[in-house]
Every structure is written in C-alpha cells, then in structure tokens.
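Take a look at the structure set out below.
It should be emphasised that the depicted structure is a prediction, and the values quoted were computed from it without experimental measurement. A, B, ... follow the sequence lines: proteins, then strands. Residue 1 opens every chain.
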Number of protein chains: 4
Amino acid sequence: MAETRTSPAPSSATAAPQPDAAAAAPAPRPSKVPKTERGRRTLRALLNAAAEEFGEKGFHDAAISQITARAGVATGSFYVYFDSKEAIFQALVRDLSGQVKDFVGPSIAAAPNQLAAESAGQLAYLNFVRQHKEIYRIIDESEFVDPAAYREHYTNSAARIAARLEAAAQRGEISAGDSEVRAWAIMGMNVFLGLRFGVWGDEAPEAVVQEAGRLLAHGLSSPSASGEERA
Amino acid sequence: MAETRTSPAPSSATAAPQPDAAAAAPAPRPSKVPKTERGRRTLRALLNAAAEEFGEKGFHDAAISQITARAGVATGSFYVYFDSKEAIFQALVRDLSGQVKDFVGPSIAAAPNQLAAESAGQLAYLNFVRQHKEIYRIIDESEFVDPAAYREHYTNSAARIAARLEAAAQRGEISAGDSEVRAWAIMGMNVFLGLRFGVWGDEAPEAVVQEAGRLLAHGLSSPSASGEERA
Amino acid sequence: MAETRTSPAPSSATAAPQPDAAAAAPAPRPSKVPKTERGRRTLRALLNAAAEEFGEKGFHDAAISQITARAGVATGSFYVYFDSKEAIFQALVRDLSGQVKDFVGPSIAAAPNQLAAESAGQLAYLNFVRQHKEIYRIIDESEFVDPAAYREHYTNSAARIAARLEAAAQRGEISAGDSEVRAWAIMGMNVFLGLRFGVWGDEAPEAVVQEAGRLLAHGLSSPSASGEERA
Amino acid sequence: MAETRTSPAPSSATAAPQPDAAAAAPAPRPSKVPKTERGRRTLRALLNAAAEEFGEKGFHDAAISQITARAGVATGSFYVYFDSKEAIFQALVRDLSGQVKDFVGPSIAAAPNQLAAESAGQLAYLNFVRQHKEIYRIIDESEFVDPAAYREHYTNSAARIAARLEAAAQRGEISAGDSEVRAWAIMGMNVFLGLRFGVWGDEAPEAVVQEAGRLLAHGLSSPSASGEERA
DNA sequence: CATGAATGAGAGTTCATTCAT
DNA sequence: TATGAATGAACTCTCATTCAT
C-alpha cells in the first residue's frame with residue numbers, strides 16, 4: 001500500500017563548480033544587501049534568529065517581533081533587510097537548502113562507486129537531519145508558505161541524483177533505466193527514512209542505511225524467485 | 001476541488017487484521033453528534049466546505065467565516081459542531097486518511113503476489129493523488145497543524161506495508177530483512193513519486209510504476225556487477 | 001489674477017424624485033448592510049463618530065481606534081461594517097454630500113425666479129457651511145483621499161445648477177449661454193465665498209449674498225460703459 | 001510631472017504695491033542655507049524631487065526616503081536642509097505660490113482695461129493649471145498640511161484682485177461695490193473653472209474664458225428682464 | 001557635508017470565538 | 001439549533017527621525 005506525504009530533501013551535492021540551477025533564481029535573498037560591516041552582522045543575526053523561531057514555532061506562530069528580539073535588534077530593523085515574513089522565510093529556505101547540499105555533498109563525492117555513494121549520502125542526510133531537526137521542519141513547511149522554494153529544493157536534489165545515476169549507468173556500474181523516476185524514488189526513501197529514523201527516532205543509523213542499501217542494490221526479490229515476472 | 005464526501009461518515013474499515021490505531025484516538029470526530037436530520041445536513045455541509053477551504057487556502061489562510069459561508073450557514077453554527085478550527089481540521093484529516101486507505105486497499109488485496117501488490121498500490125495511489133490533490137495537501141499540512149494525526153497517518157501506513165512484507169517473506173516470496181525500514185523506504189518512494197508525477201506532473205503513471213517496480217524488485221545493480229560488496 | 005484651489009460644493013438639490021446620478025454608483029456605502037436593529041444602531045454610531053473624528057483631525061491623523069472609541073464599540077466592530085479607513089471616509093463623503101444637497105435644495109425650490117434661486121442657494125450654503133465646518137473640511141479633503149467621490153460631488157452639483165440655468169434660459173428669465181461653464185463659475189463663487197465668509201469669517205451673510213447677487217445679475221460693468229466690447 | 005524649478009530661488013517679486021504677506025512669514029524657506037556649491041546642488045535636487053513626489057503621491061503617501069532617492073542623496077542628507085517633512089512641504093508651497101503669481105501676473109498687467117485683465121488672468125491661469133497639475137494639487141493639499149500657507153496664498157490673491165477692482169472702479173471702468181466679496185467670487189470662479197477645464201478636461205480654454213468673461217461683464221440677466229429687483 | 005543603518009512608537013487589520021436573541 | 005453582531009488580543013508593517021562613522 002501507499003499513502004500521502006512530503007518532506008525535506010536528502011540532496012547530495014555536486015562538488016563540481018558547474019553553474020547551479022539556483023544561480024538562475026530571480027530574486028536574491030535579502031531585499032537589501034548591506035553595505036557596511038554592521039549591516040552584514042545584523043542581517044546574519046536576523047537569519048539565525050529566524051531559523052530558531054521558525055524551527056520552534058512554525059511559520060504562522062512565529063512572530064517577527066520574536067525574531068528581532070532574538071536577534072537583539074529593533075522591530076523596524078527587520079524591514080531594512082526583508083520585505084515581509086514570507087521574504088525572510090524564503091531566504092531561509094534557500095539558505096538551508098544549500099546547507100543540506102553542502103553537508104551531504106562531500107560524503108557522496110568521496111564514495112568509490114554509485115551504490116556506495118547513495119548509501120553515504122543517505123547516512124550523511126540521516127545524521128544531518130538528526131542534528132538539525134528544525135531545518136527539516138522549515139523546508140517541509142515551505143510547501144505551504146513558499147511552494148516555489150519547496151519545489152525548487154526537491155527538483156534540484158532530484159536532478160543531482162539523476163545526473164549521478166546517469167553517469168553510473170554509462171560507466172556500467174548500475175543497470176539502465178529512467179533516471180528521473182529512480183531519482184525521485186530514492187529521494188523519497190531518504191526523506192522518509194530521515195523522518196522516521198532521524199526526526200522521530202534515533203535508532204542506529206548504520207543499520208537503517210545498510211538495510212536501505214540492500215534494497216537499493218538488489219530490491220526485494222528473494223535470490224531464487226523473481227515474483228514480478230510471473231505476476 | 002475533487003468531490004468532497006457527501007456524508008460525514010467516519011471512513012471505513014481496514015481489510016488488514018491489525019488493530020487500527022485510529023480506534024484508540026481520544027477525540028471523537030465531530031464534537032457534537034447531531035440528533036436531527038437538519039443537524040446532520042449542517043454537519044455534512046461544514047465538512048465538505050472545510051475540505052474545499054483547507055484544500056484551497058491551507059490551514060492558516062482558511063477562514064471559518066469562509067467555511068460557514070461555503071456551507072451556507074451562520075458563523076455561530078460552526079461552534080455547534082466543532083470546538084475550534086483545529087478540531088474540524090483534525091476531523092478532516094482522519095476522514096481523508098481513511099479515504100486514501102479505502103481507495104488504495106482493494107487494488108493491493110487483488111494482487112497475486114507481493115511485488116505485484118506494491119506496484120498495484122503505487123498505481124492506485126498515484127491515481128488517487130492526481131484526482132484529489134487537495135487531500136494530499138491537507139494531510140501534508142497536518143504535520144504542522146496536528147502532528148499527532150500526521151504521525152498516526154504515516155505510522156499506520158507503514159505498519160500495513162510492513163505486515164505485508166513480513167507475510168511475503170515468510171511465504172518465501174521476497175527476501176528477508178528489516179520490515180520497518182523497508183516499509184518506510186517504500187512509503188517514501190510512493191509519496192515522492194506521487195508528488196512528482198501525481199500532484200505536479202501528469203506523465204503516464206504506468207511507466208512510472210513500471211520503473212519503480214523494477215527498482216523495488218531488483219534494485220539498481222547491473223546484472224553483472226554487484227558494486228556494494230566491493231565498497 | 002487667478003490662482004489655485006478647491007473646496008466643498010454649494011450644491012442645491014432638485015426636490016424632484018428623478019433618479020439621482022448617485023443611484024448609479026457601483027459600491028453601496030457600508031460594506032455590510034446590517035440585518036438587525038442593533039446592527040443599524042452600531043453602523044449609525046460609527047458614521048457619526050467618523051464625522052467628528054475626520055472633521056477634527058483630518059483623514060490621516062484620524063484613528064480608527066478613536067472612531068470606535070467615540071462610537072462606544074470595539075475595534076473589531078469597525079470591520080464588520082467597513083473594509084478600511086478609506087471605505088468609511090467614502091461612505092461619509094457621499095453621506096455629507098447628500099446632506100448639503102438636502103439642506104440647500106428647499107430654499108432654491110421656493111424661490112420665485114432663477115436669480116433669486118441662486119441667491120437663496122448661496123445664502124443657505126453659507127449658513128450650512130458656517131454650522132458644519134467639519135463637513136466642508138471633509139468634502140474638501142476627499143480630493144486627496146477619494147478623488148472619485150470628490151469629483152462626483154462637484155459634478156453632480158454643477159449638473160443641477162446647469163439644469164436650472166438651462167430651464168431659466170428657456171423661460172427667457174436669463175440670457176442664453178454655455179450652461180456648464182456658467183454652472184462651474186457659479187459653484188466656484190459659492191464655494192469660495194463659503195470659505196472666506198463661512199468657514200473663516202462670520203460677517204453678515206446677507207450682505208455678502210447681496211453683493212454676489214448683483215454680480216451674478218449684472219456683472220461688473222458700470223451702467224454707462226461696457227468695457228469688454230471695446231477691448 | 002511638469003518641469004520643476006531648476007534653482008531653489010525663493011520666487012520673485014510682486015508687481016502690486018501691497019506689502020507681501022509672505023515677507024512677514026516666520027520661517028525662512030530652507031532650514032539651512034547652503035554655503036558651498038555642492039550644498040546648493042543638493043538643496044535644489046531635494047526641492048525638485050519633493051515637487052515630483054508630493055505631486056504624485058500627496059503629502060502623506062509621499063516618503064522622505066523616496067524624495068532622497070529621487071534626488072540621489074542619502075536619507076540623512078535630507079535633515080541637513082530641512083527640519084521635517086512639513087518643513088519642505090511648506091517651502092514648496094510658498095515657492096509654487098510664487099510661481100503661479102509670476103506666470104499669471106504679466107498677462108494681467110498687459111490688459112487694456114479691467115474686464116480684459118480678468119479674462120487674461122483667467123486664461124493664463126487655466127493654461128498654467130493645465131501644464132502644472134501637480135502644483136495645483138500641492139497647493140490644494142496645503143489646506144490640510146499647512147493651513148497658514150494655504151490661507152496666505154488665497155488671501156494674497158484675493159487682495160491683489162480687490163486692489164485692481166478698486167482702482168478700476170475709481171477710474172469709472174466698472175461699477176462700485178464691495179471689492180472683497182467680488183474678489184473672492186472671481187477667484188472662486190477661476191479656481192473651479194481651472195479644476196473643471198484645466199485639471200480634469202481640456203476643452204478649448206478660449207471658449208471657457210469667453211463665456212466666463214460675459215458672465216463677469218453683464219451677469220446672467222436677459223437684456224429685457226431684470227429678475228432680481230422684482231424678487 | 002554625506003552616509004545609511006538603526007530605531008520604535010503607532011497604525012490598520014484579521015479572525016477565532018462568544019453570546020444574546 | 002441557528003443566527004450574526006460583537007469582541008479584542010495580537011500581529012504585521014511603515015516611516016520620520018537620529019546618529020555614529
């Protein structure tokens with residue numbers, strides 16, 4: 001059986017310097033780019049405070065007055081840098097999306113082959129989620145607050161996975177197949193395992209990743225039988 | 001917005017034998033069970049209106065006054081049936097969760113073996129999502145509005161999947177392994193494929209399901225190589 | 001010489017029941033028409049309070065919280081009847097515009113001939129302005145707050161004057177000429193005399209009206225000479 | 001927005017001999033007179049920018065930050081030259097009031113007799129208004145922002161007109177009468193004709209002025225009848 | 001003189017919920 | 001049961017003004 005759902009991405013970056021799709025994003029993060037050092041500090045303080053506040057309370061229960069209080073600045077200062085609550089949320093999502101990518105990416109790049117890479121990415125993602133539950137929550141909520149950012153986040157992640165699969169297939173490491181479908185499937189696995197074993201539970205991640213790796217490598221079929229064909 | 005139910009019925013039973021967690025839920029659906037025919041009609045109208053309103057606007061932007069307006073009743077009447085905005089949302093999530101299960105369940109039960117069952121469930125789920133995008137959205141948002149309901153929904157789903165895998169493994173249809181991890185992985189795949197190919201896109205679902213079925217059956221490994229062991 | 005300026009209309013109603021141009025106005029005054037007696041009382045209280053507040057402070061310095069305080073209702077009640085500060089201001093202008101018309105109209109209708117009618121209207125207007133300085137101010141300010149209402153007010157007034165002149169010319173009571181130009185000229189006279197001798201000063205209105213009547217009847221020319229033609 | 005002045009010059013002199021009320025005004029125009037060339041340029045830029053901004057948005061919707069942005073200077077620089085938003089508005093109104101006078105005055109001076117002079121003034125005014133709608137608006141709004149400046153503007157204008165009428169009456173060019181009442185009546189006519197046929201419409205100004213000239217010369221009376229006396 | 005970040009009081013507006021009818 | 005007016009706490013956002021650099 002199968003049911004509904006959604007969540008923050010496993011991601012896994014390309015260390016390569018190729019122009020990221022995000023580079024084409026229309027609006028730069030903060031509505032005002034600070035020109036002085038002082039301004040840069042204030043902006044950073046606001047983003048950090050926002051991550052805390054949104055993570056703890058969710059978008060709607062978060063209050064701008066609380067964000068500025070946490071950041072130690074006046075209410076009005078908020079609007080020097082962001083046009084609205086939505087605007088800072090969006091800036092945050094893009095920021096965090098990048099953080100996930102940057103955290104997970106290196107593990108993947110270091111893996112000897114594709115299957116190992118996916119497992120490494122999964123493990124890194126699980127650990128990241130466990131340490132940054134608020135990030136998971138924030139990205140998830142963007143589905144409702146800023147659908148475009150949400151979609152962008154997952155579309156980018158899937159594209160990176162698909163590119164890796166494509167390359168591996170050409171190298172003969174894995175079988176050929178529709179990379180996009182596979183990428184979304186793998187991403188979904190990662191996200192849900194992250195939810196269950198990263199956010200909600202804290203079972204040993206290695207065991208989880210091992211089991212998932214087996215599934216990814218050989219599927220469910222028993223060595224002897226291959227049920228599907230006979231279905 | 002997809003056809004909303006025409007009766008406030010609390011959704012149906014599970015084919016599965018496992019005790020439905022929902023049965024233990026503390027709060028009964030509507031805070032007041034109507035005694036007259038007129039009352040029953042009003043309650044039904046409110047739930048239908050709520051499905052539309054929440055589906056279109058999301059929880060926080062949905063307004064009770066809009067729900068009552070859609071339902072054609074006065075503002076005050078709302079509180080005859082529900083104690084709060086959260087209460088009607090919760091009632092709705094439980095209701096919709098049941099609808100998903102009821103729609104997908106039969107396809108699974110009709111399948112000849114486990115792998116076929118998962119593929120059938122996936123296909124049914126994809127079709128359901130495509131026709132009821134607002135339901136997808138509502139259940140998703142419950143992560144923030146009513147986390148218990150959200151967790152319950154996915155935990156129940158995973159439990160059902162795990163039970164099926166367990167049984168299939170005992171029958172020798174599939175390999176042995178940690179059923180819970182596998183169940184969450186499969187559920188994640190389904191959900192994300194549903195998001196990508198059900199909610200956002202409308203590519204032919206059969207192709208998607210076929211590719212996912214192959215992945216589930218045999219994994220990514222190329223017939224010749226088995227990368228993982230060497231990693 | 002001649003300079004800038006603007007102000008609230010002299011008006012002068014048609015007692016006749018002919019459909020008023022205002023009847024074609026798109027939006028009805030209050031955004032919600034009360035259905036109960038209690039509601040009607042609250043709406044009236046709000047409008048009265050708004051007239052006081054706007055009259056004393058002007059649009060921008062007026063506060064909705066002050067309006068509701070004066071009316072003796074809660075802040076939120078305001079929004080039951082009006083969508084915004086602008087909305088109640090608009091409703092007020094239309095209301096007051098009607099009041100001016102209703103006050104001045106009868107005097108005009110009672111006059112024996114056209115020149116007497118204009119003088120009577122002028123006198124009535126002067127007296128009205130003197131007693132309702134806040135109304136003068138409110139209508140004036142609508143030029144900036146709700147230009148459409150402002151324009152409507154003066155256009156309607158001018159149309160009524162022009163219609164009277166037209167009729168009088170056909171009766172041979174006055175000379176023929178461009179009624180619209182004449183109407184705006186007369187209205188301008190009335191408004192500025194109202195400003196100078198109604199709002200700012202309180203010289204005997206009868207003397208002012210008498211002098212203005214002479215001007216209207218015979219112009220500036222000296223009985224013997226007629227300068228213009230020779231120019 | 002019509003060409004704003006190219007220099008912060010405080011407007012010119014009056015041809016009329018009566019003491020200019022503005023000369024007695026308490027506050028000198030800019031709160032600080034620039035000593036350097038650079039300062040003079042900044043001041044000029046601010047006044048020009050203010051004329052645009054106030055003309056387009058009105059006093060309250062105009063923002064100092066917008067004025068400085070248009071002027072191409074930093075926010076803080078504003079306060080080097082003006083003490084407040086009100087202060088720059090006041091400086092502007094006095095400036096513009098002088099512009100109107102300077103534009104209209106010469107036409108009047110050139111006329112052969114009084115009636116011709118009033119018509120010439122009217123025509124000049126109409127043309128001025130048509131080309132400088134934002135000036136019209138700014139002076140008008142001063143009724144609410146800076147009542148003293150508003151009153152001063154119209155009182156001065158009326159005084160100039162009255163002085164002309166007085167002189168013409170003594171020369172026997174026009175009949176005798178209360179000059180102040182006549183002056184305000186004429187000014188009102190001009191202003192409203194300016195509103196209707198200058199700001200709102202652009203019918204041929206000559207026809208408007210001709211009709212108004214007839215009214216001013218002979219009034220409304222038909223050659224044969226003289227209604228008023230019989231009233 | 002110029003800069004531009006920081007300020008914070010104050011306003012308008014929303015809407016879930018109550019309650020008298 | 002149904003109604004719909006009334007409530008008021010709470011929130012987002014504005015912007016004239018200050019001041020350290």
Side-chain angles (χ1 to χ4, degrees), chain A residues 32 34-43 60-68 72-86, chain B residues 32 34-36 38-39 41-43 60-69 72-88, chain C residues 32 34-43 60-68 72-86, chain D residues 32 34-36 38-39 41-43 60-68 72-87:
Chain A
K32 181 178 189 176
K35 288 172 181 160
T36 69
E37 178 52 29
R38 190 188 182 197
R40 241 162 280 133
R41 274 201 308 275
T42 303
L43 175 55
H60 280 282
D61 290 341
I64 291 189
S65 61
Q66 279 302 302
I67 293 177
T68 53
V73 300
T75 336
S77 300
F78 177 90
Y79 292 92
V80 171
Y81 298 98
F82 299 99
D83 286 338
S84 65
K85 199 180 173 182
E86 276 78 11
Chain B
K32 183 174 188 181
K35 292 187 174 96
T36 69
R38 188 193 183 191
R41 273 202 309 273
T42 302
L43 174 55
H60 279 283
D61 290 342
I64 293 201
S65 63
Q66 277 302 301
I67 294 178
T68 53
V73 301
T75 332
S77 302
F78 178 90
Y79 291 89
V80 172
Y81 298 97
F82 299 98
D83 287 337
S84 66
K85 196 180 176 183
E86 276 78 12
I88 196 176
Chain C
K32 183 179 189 178
K35 287 172 180 157
T36 69
E37 177 52 28
R38 190 190 182 194
R40 241 162 281 136
R41 273 201 307 276
T42 301
L43 175 55
H60 280 284
D61 291 342
I64 290 190
S65 62
Q66 279 302 304
I67 293 177
T68 51
V73 301
T75 335
S77 300
F78 177 90
Y79 292 90
V80 172
Y81 297 99
F82 299 100
D83 287 336
S84 66
K85 199 180 173 181
E86 275 79 13
Chain D
K32 182 174 188 181
K35 292 188 175 94
T36 69
R38 187 189 185 194
R41 273 203 308 276
T42 303
L43 174 55
H60 279 282
D61 290 343
I64 291 201
S65 63
Q66 276 304 300
I67 292 177
T68 53
V73 301
T75 334
S77 301
F78 178 90
Y79 291 89
V80 171
Y81 298 97
F82 298 98
D83 288 335
S84 66
K85 197 181 176 184
E86 276 78 11

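Comparing D/Glu86 and C/Ala74 against DNA chain F, the residue whose closest nucleotide sits nearer the 5' end is C/Ala74. The residue among A/Lys35 and B/His60 whose nearest nucleotide of DNA chain E lies closer to the 5′ end is A/Lys35. For the pair B/Ser77 and C/Asp61, nearest-nucleotide mapping onto DNA chain E gives the more 5' position to C/Asp61. When the nearest nucleotides of DNA chain F are assigned to B/Thr75 and D/Ser84 by heavy-atom distance, the more 5′-ward of the two goes with B/Thr75.
Remark: P of E/dG4 and CG of A/Leu43 are 17 Å apart, rounded to the nearest angstrom. Per the geometry, CZ belonging to C/Phe82 stands 20 Å off P belonging to E/dA11, to the nearest Å. Across the protein-nucleic acid pair, C/Gln66 atom CD and E/dG10 atom P stand 13 Å apart, rounded to whole Å. Per the geometry, CD1 belonging to D/Ile64 stands 16 Å off P belonging to E/dT3, to the nearest Å.
Annotation: side-chain contact (heavy atoms from CB on, under 4.5 Å) contacts of C/Ala63 (sequence neighbours excluded): C/Glu53, C/Ser65, C/Gln66. Remark: A/Thr36 engages A/Arg38 in a side-chain contact (heavy atoms from CB on, under 4.5 Å) (not counting sequence neighbours). Residues satisfying the side-chain hydrogen bond (donor to acceptor under 3.5 Å, both in side chains) criterion with A/Arg40, sequence neighbours excluded, are A/Glu37.
In 5' to 3' order, the nucleotides of DNA chain F bounding all contacts with chain D (an atom under 4.0 Å from a heavy atom) are F/dA16 to F/dT18.
Here D/Thr36 reaches the OP1 or OP2 of E/dC1: one of its side-chain N or O atoms lies under 4.0 Å away. At E/dT14, none of the side-chain N or O atoms of C/Tyr79 fall inside 4.0 Å of OP1 or OP2 (strictly under the cut-off).
The two residues A/Lys85 and A/His60 have their closest heavy-atom pair at NZ-O, 3.4 Å. The two atoms that bring D/Pro34 and D/Gly39 nearest to each other are CB-C, 3.5 Å, heavy atoms only.
A donor-acceptor pair is defined here as one N or O able to donate and one able to accept, closer than 3.5 Å; no such pair exists between the side chain of D/Ser77 and the backbone of D/Val73.
In DNA chain E, runs of at least 3 stacked Watson-Crick or G-U pairs (N1-N3 plus N6-O4 or O6-N4, or N1-O2 plus O6-N3, all under 3.5 Å) give these stems: E:2-21 with F:2-21.
A distance of about 13 Å separates the C1' atoms of E/dC1 and F/dT21, rounded to the whole Å.
Across all strands shown, D/Gly39 has no heavy atoms under 4.0 Å from either base or sugar-phosphate atoms. C/Ala62 comes within 4.0 angstrom of sugar-phosphate atoms only, judged by non-hydrogen atoms across all strands, and of no base.
How far CD1 of B/Ile88 is from CG of B/Leu43: 8.0 Å, rounded to the nearest 0.5 Å. Going from atom CZ of C/Phe82 over to atom CD1 of C/Ile64 covers 10.5 Å, rounded to the nearest 0.5 Å.
Residue A/Phe78 forms a side chain to side chain contact (heavy atoms under 4.5 Å, CB included) with just one option from A/Thr42, A/Asp83, A/Thr68, and that option is A/Thr68.
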